[in-house]
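Quick notes on the structure that follows.
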Amino acid sequence: MVCLSGPTGAGKTAAALALAGVFPVSVINADSRQVYRDFPLITAQPSPEERGRCPHLLYGFLPTEEKLGAGEYARLAAAAIREESEKGRLPVLVGGTGLYFKALLEGIAPIPDIPPDISAHWQKRCDEEGSVALHALLAGHDPAYAAKIHPNDRQRIMRALEVWQATGKPFSWWHARPMEASPHAACKIGLELPMAELEPILQRRIELMLRAGALEEAETALKRCADPEAPGWSGIGCAELHAHLGGRISLEECRALWFKNTRAYAKRQNTWFRADRDIRRFRPEETEAIVRHVRAAREYASGGQRG
RNA sequence: GCCGGGGUAGCUCAGUUGGUAGAGCAGCGGACUGAAAAUCCGCGUGUGGGCAGUUCAAUUCUGUCCCCCGGCA
């Protein structure tokens, strides 16, 4: 399979379709936001026209009020990869969510789902006592993991505490258990663009989204699910439009915030993918080189099977 | 022209009873095991508007000039 990563706006969809012009590609989403049904435009999902050019899986199927954890994603993606491979198609994972790629390729600790009341309990305690106090508490039960995370990192502190309470085992105990990595060899490709070149693209894309009806999309989504805390609303663009529709910020402020947050996100994605030395990097317009690279990887893989 | 407020980091500002300054945001770098478009961490030399004066020492006090904002003319 091929894993196509890179920051938002770098042209992953176009590169995937270029591959689809040469190989029997099935595109599988690897983006935590493009799974949402109510935000096809704002999360930059492939258009219906684009989806018509080859099979596309795991896009736009989740309602706004539901969340898709990395483990559940990895299961869905692994099943899709297996099915498409069996059909003789080349699975091309496309997305910008580093944790999803990691969970899929390297596996993820087999931790059971946490009952919602336990999560809510730690959320409440964190609000009341603060993350530093809970970090100290965590250090008493799981010093190894507490040492790895910062006392301000409430999200990770709460996750570790709820796993510990719900399973009776420390978070780091779970991490030490064997994980199920993907059996498929991955050809990792990363699109890369200097921030100075990416910036105007991101700026322009927001304007295009607004012109194409992003406000209307958010209004419709608001009728289905008005809760700004719902998982689907936490996407960049979604949250800003929600605030604007609620009258909390002007459209101009919305635009500015949307761009600022998108840019910061692209930087975080670069940091994540830069750390992976197995990724072969290309500029977005190097489609021919990308095709050659994938062809070579496929020949190597099939040769390896024979020999 | 007069009266008041102000000129300090890229931006918005704080502070220094005189010992040459620090927050937020932005920017840059990093971490990342089920919310990950999330959640966090690290990085701060800037002619303190210009010039002069007082002082051992001025961003701080004094004078003067320049610029911005509000009011009065």
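So that the names make sense, note that chain A is the first sequence line, chain B the second, and so on, each numbered from 1. Values in this document were obtained by computation on a predicted structure and should not be read as measured data.
For the P atom pair drawn from U12(B) and G53(B), the interatomic distance equals 33 Å after rounding to whole Å. Annotation: U45(B) and G10(B) have their P atoms spaced 12 Å apart (nearest Å). Rounded to whole Å, the separation between the C1' atoms of A31(B) and U47(B) comes to 38 Å. Using C1' as the reference atom, C68(B) and G49(B) are 11 Å apart when rounded to the nearest Å. Comparing G30(B) with C69(B), their C1' atoms are spaced 42 Å from each other, to the whole Å. As rounded to the nearest Å, C13(B) and A52(B) have P atoms that lie 30 Å from one another. One P atom belongs to U20(B), the other to U60(B), and the distance between them is 14 Å to the nearest Å. Taking atom P in both A23(B) and U16(B), one finds a spacing of 15 Å when rounded to whole Å.
Across all strands, Asp31(A) comes closer than 4.0 Å to base atoms (heavy-atom distances). Note on Gly96(A): only backbone sugar-phosphate atoms sit closer than 4.0 angstrom, heavy atoms only; bases stay farther off. The residue Thr262(A) sits apart from the nucleic acid: no heavy atom pair falls under 4.0 Å.
A straight line from CD of Glu240(A) to C1' of A38(B) spans 13 Å, rounded to a whole angstrom. As rounded to whole Å, 11 Å separates atom C1' of C40(B) from atom NE2 of His135(A). Atom pair Leu257(A):CG and A37(B):P shows a separation of 18 Å (rounding to whole Å applied). We find that CD1 of Ile157(A) is positioned 19 Å from P of A36(B), with the value rounded to whole Å. Following rounding to the nearest Å, Phe259(A) (CZ) and C25(B) (C1') show an atom-to-atom distance of 15 Å. Between the NZ atom of Lys260(A) and the P atom of G24(B) there is a distance of 13 Å, given to the nearest Å. For the pair Leu161(A) CG and U39(B) C1', the computed distance is 15 Å after rounding to whole Å.
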For nucleotides 28-35 of chain B, 5' to 3', base contacts (B), sugar-phosphate-only contacts (S) and non-contacts (-) with protein non-hydrogen atoms under 4.0 Å give SSBBBBBB

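Through direct or indirect side-chain contacts shorter than 4.5 Å among Ile, Leu, Val, Met, Phe, Trp and Tyr, Leu4(A) is connected to Val2(A), Leu19(A), Val22(A), Phe23(A), Val25(A), Val27(A), Tyr59(A), Leu90(A), Val92(A), Val94(A), Ile189(A), Leu191(A), Phe282(A), Ile290(A), Val291(A), Val294(A).
Partners of Ile118(A) according to the side chain to side chain contact (heavy atoms under 4.5 Å, CB included) rule, which considers only residues two or more places apart in sequence or in another chain, are Ile114(A), Pro115(A), Trp122(A), Glu162(A), Gln165(A), Ala166(A). When the side chain to side chain contact (heavy atoms under 4.5 Å, CB included) test is applied to Pro151(A), the partners found at least two apart in sequence or on another chain are Val132(A), His135(A).
For G22(B), the base adopts the anti conformation, since its glycosidic angle falls more than 90 degrees from zero.
Within 6.0 Å of CZ in Arg248(A) there are 12 or fewer heavy atoms belonging to other residues, nucleotides or ligands.
Across every strand in view, C2(B) sits in a pair with G71(B) that passes the Watson-Crick or G-U test at under 3.5 angstrom. In this entry G46(B) has no Watson-Crick or G-U wobble partner, no candidate having both defining distances under 3.5 Å. Using N1 to N3 plus N6-O4 or O6-N4 for Watson-Crick, or N1-O2 and O6-N3 for G-U wobble, each under 3.5 Å, U55(B) pairs with nothing. When both distances must be under 3.5 Å, the Watson-Crick or G-U wobble mate of U39(B) is A31(B).
A sub-4.0 Å separation between OP1 or OP2 of C41(B) and a side-chain N or O of Asn152(A) is present.
Judged as a salt bridge (charged side-chain N to carboxylate O under 4.0 Å, His left out), the pairs with a partner in residues 34-56 of chain A (not counting sequence neighbours) are, in order, Asp38(A)-Arg224(A).
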Chi angles and distances behind the side-chain hydrogen bond (donor to acceptor under 3.5 Å, both in side chains) call for Ser250(A), Glu252(A):
CA-CA 5 Å; Ser250(A) 70; Glu252(A) 270 321 296; over 6 Å; no

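Residues Glu199(A) and Leu202(A) fail the side-chain proximity criterion, which asks for heavy atoms closer than 4.5 Å.
Shortest non-hydrogen contact noted between Trp272(A) and Leu99(A) is CZ2-N, 3.5 Å.
A salt bridge between Lys87(A) and Glu84(A) is present, with a side-chain N of the basic residue lying under 4.0 Å from a carboxylate O of the acidic one. Taking a cutoff of 4.0 Å between a charged side-chain nitrogen and a carboxylate oxygen, Glu83(A) and Arg89(A) do not qualify as a salt bridge.
Atoms CD1 and CG, on Ile201(A) and Leu198(A) in that order, are 5.5 Å from each other to the nearest 0.5 Å.
For RNA chain B, none of the residues of residues 6-17 of chain A falls under the heavy-atom distance limit of 4.0 Å.
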